[in-house]
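Just so it is clear: chains get the letters A, B, ... in the order the sequence lines come, proteins before strands, and each one is counted from 1.
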Protein chains: 2
Amino acid sequence: MNVMQNAEGKESSATRSAYVSLREMILTGKLAAGEKLKIEQLRTMLDTGASPVREALSLLTSDMLVERLDQRGFRAAPANLANFQEILGLRCALEDMALRKSIARADSEWEEQLVLVHHRMKRASDQNDIPTFEAAHKAFHMALLSNADSPILIRYCGQLYDLNIRYRYLAAAGTDYRKRDVGAEHDEILDAAVRGDADKASGALINHYRLTGEYLTVPLSEL
Amino acid sequence: MNVMQNAEGKESSATRSAYVSLREMILTGKLAAGEKLKIEQLRTMLDTGASPVREALSLLTSDMLVERLDQRGFRAAPANLANFQEILGLRCALEDMALRKSIARADSEWEEQLVLVHHRMKRASDQNDIPTFEAAHKAFHMALLSNADSPILIRYCGQLYDLNIRYRYLAAAGTDYRKRDVGAEHDEILDAAVRGDADKASGALINHYRLTGEYLTVPLSEL
DNA sequence: TGCGTCAAAAATATCGATATTCATTGACAA
DNA sequence: TTGTCAATGAATATCGATATTTTTGACGCA
């Protein structure tokens with residue numbers, strides 16, 4: 001029936017496929033914040049049944065990207081400045097915590113992984129390969145935290161990272177990262193982390209977020 | 001069809017009803033940690049259809065009370081000491097943050113709410129009304145944080161609170177809160193919060209958790 | 001003109017049935 | 001004896017259809 005088109009190595013179940021697609025559409029704004037999400041509409045969009053769509057929406061509810069309205073279906077989570085700033089503040093607090101734990105447990109394997117992921121991100125940036133960069137950027141930030149040995153904390157950080165993506169798209173139609181030396185900021189974080197300097201690394205990371213936050217706050221202030 | 005048995009003011013949709021029931025069963029251990037959750041089994045248990053059960057399990061996945069296994073259904077989230085300790089540590093960190101924010105924005109309305117909720121908890125405790133106490137206890141702790149004006153943070157704290165409940169049941173078959181003066185600890189937190197003494201309140205709160213943590217760690221160490 | 005009521009239309013939530021996938025067992029071959 | 005593989009038996013994931021709300025809009029009445 002659904003079988004799963006395991007073509008190039010994509011998704012396995014219809015539900016997961018719908019989840020990934022819907023998530024992408026919400027993050028990039030193809031499904032606007034606050035928009036009503038009608039099952040039938042999405043069903044035809046994704047060319048799948050109602051059950052996978054419903055279940056995918058349920059899953060997105062966990063990610064705070066979709067809201068469930070009592071008996072009246074779903075809608076994309078609303079976006080507003082207060083929400084953006086809460087996300088920013090929590091990211092600073094939680095990632096600071098996670099990064100420090102990661103560094104406290106540093107080992108050579110983790111450091112190597114960091115360098116590798118950073119390199120991939122830089123390469124994608126140099127080549128202006130935006131989609132690859134997007135993925136690599138998340139991978140870099142999550143790799144920084146990955147050694148914290150705290151799955152719930154990592155989960156929360158990942159959720160907040162994703163929530164923030166949407167605001168980047170809202171603020172700049174997808175192409176943010178303009179000329180402000182983001183690369184140098186990443187380098188600084190990486191260096192400090194590899195050196196095991198938790199204060200420096202955390203400071204650089206938080207500064208990175210605060211700067212991004214300031215960039216985004218202006219265009220978002222009309223929300 | 002499902003209509004919703006709005007009898008005494010219970011649940012409205014079959015999904016929500018299933019969600020509440022399953023959540024209760026997992027928290028109290030009626031569905032054991034790590035146990036495979038078969039749709040058919042739960043369907044008959046709850047006397048409802050497969051769709052609401054599936055959807056409820058999806059929702060519980062967000063709460064980290066249920067895990068989804070690739071194509072092989074669901075199981076109750078495993079429990080182990082590391083998980084318990086992570087929850088404990090995160091609770092201390094996140095509730096500290098939330099409580100301080102709450103106190104920083106204190107107003108008389110919030111203070112009154114605190115006193116009220118605390119009173120209800122105490123009354124339930126005096127009357128040995130365990131179920132009411134359980135609910136009131138959560139209400140008290142969430143009320144402490146409720147003024148933080150940070151919905152995501154509150155959400156996380158609530159999730160962690162619930163995750164912890166399960167370990168209380170695992171450790172003591174439901175009846176914890178033995179003679180250690182939990183009431184006095186709560187009083188201390190309340191007093192400091194109402195006085196606006198953030199350091200004292202946060203310290204008392206964290207101490208409350210650490211003490212509980214120590215109580216539970218021993219019986220849980222076999223996990 | 002404004003408002004409340006009620007019926008029609010749309011959308012959701014749920015059920016029952018079916019196709020698929022996973023797990024198990026037993027036979028067969030090495 | 002042991003390992004592989006096919007057939008069988010669960011269990012899941014998904015579909016299509018139906019019952020239940022919710023929403024819309026028209027109508028009548030004040």
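Here C:dA13 presents its P atom at 12 Å from CG of A:Leu37, a figure rounded to the nearest Å. The distance between atom CD of A:Gln71 and atom C1' of D:dT23, rounded to the nearest whole Å, is 14 Å. The interatomic distance linking B:Arg68 (CZ) with D:dT12 (P) rounds to 12 Å, in whole Å. Atom pair B:Arg75:CZ and D:dT12:P shows a separation of 14 Å (rounding to whole Å applied). Atom NZ of A:Lys36 and atom C1' of C:dA10 are 10 Å apart (whole Å). Taking atom CD of A:Gln41 as the reference point, atom C1' of C:dA11 lies 12 Å away to the nearest angstrom. Rounded to an integer number of Å, the gap from A:Arg43 CZ to D:dA13 C1' is 16 Å. If you measure from atom CZ of A:Arg54 to atom C1' of C:dA13, you get 5 Å, rounded to the nearest angstrom.
Here the side chain of B:Thr212 pairs a donor or acceptor atom with the backbone of B:His208 at under 3.5 angstrom. No donor-acceptor pair closer than 3.5 Å links the side chain of B:Asp63 to the backbone N or O of B:Leu65. The closest donor-acceptor contact from the side chain of B:Asn147 to the backbone of B:Trp110 lies at 3.5 Å or more, if one exists at all. Side-chain atoms of A:Ser102 come within 3.5 Å of backbone atoms of A:Leu144 as a donor-acceptor pair (strictly under, hydrogens ignored). With A:Thr28 contributing its side chain and A:Glu24 its backbone, the two residues share a donor-acceptor pair below 3.5 Å.
For D:dT21, the OP1/OP2 oxygens have no side-chain nitrogen or oxygen of A:Arg72 closer than 4.0 Å. Taking only side-chain nitrogens and oxygens, A:Thr15 comes nearer than 4.0 Å to OP1 or OP2 of D:dT14.
Judged purely by distance below 3.5 Å, without hydrogens or angles, the side chains of A:His118 and A:His186 never pair a donor atom with an acceptor atom. Using modelled atom types, one finds no donor on one side chain facing an acceptor on the other under 3.5 Å when comparing A:Tyr156 with A:Glu95. Neither side chain, A:Tyr209 nor A:Asp96, offers a donor N or O lying under 3.5 Å from an acceptor on the other.
For A:Ser13, the listed nucleotide lying nearest its side chain is D:dT14; candidates were D:dA11, D:dT14, C:dA11.
Comparing the helix axis at one end of the helix from C:dT1-D:dA30 to C:dA30-D:dT1 with that at the other, each defined from 5 consecutive pairs, gives an inter-axis angle of 10° (nearest 10°).
Sparse packing is recorded around NZ of A:Lys38, with 12 or fewer heavy atoms of other residues, nucleotides or ligands lying under 6.0 Å away.
Residue A:Leu57 is out of contact with every strand shown, counting any heavy-atom pair closer than 4.0 Å.
Contacts between residues 45-53 of chain B and DNA chain D, counted as heavy-atom distances below 4.0 Å, involve no residue at all.
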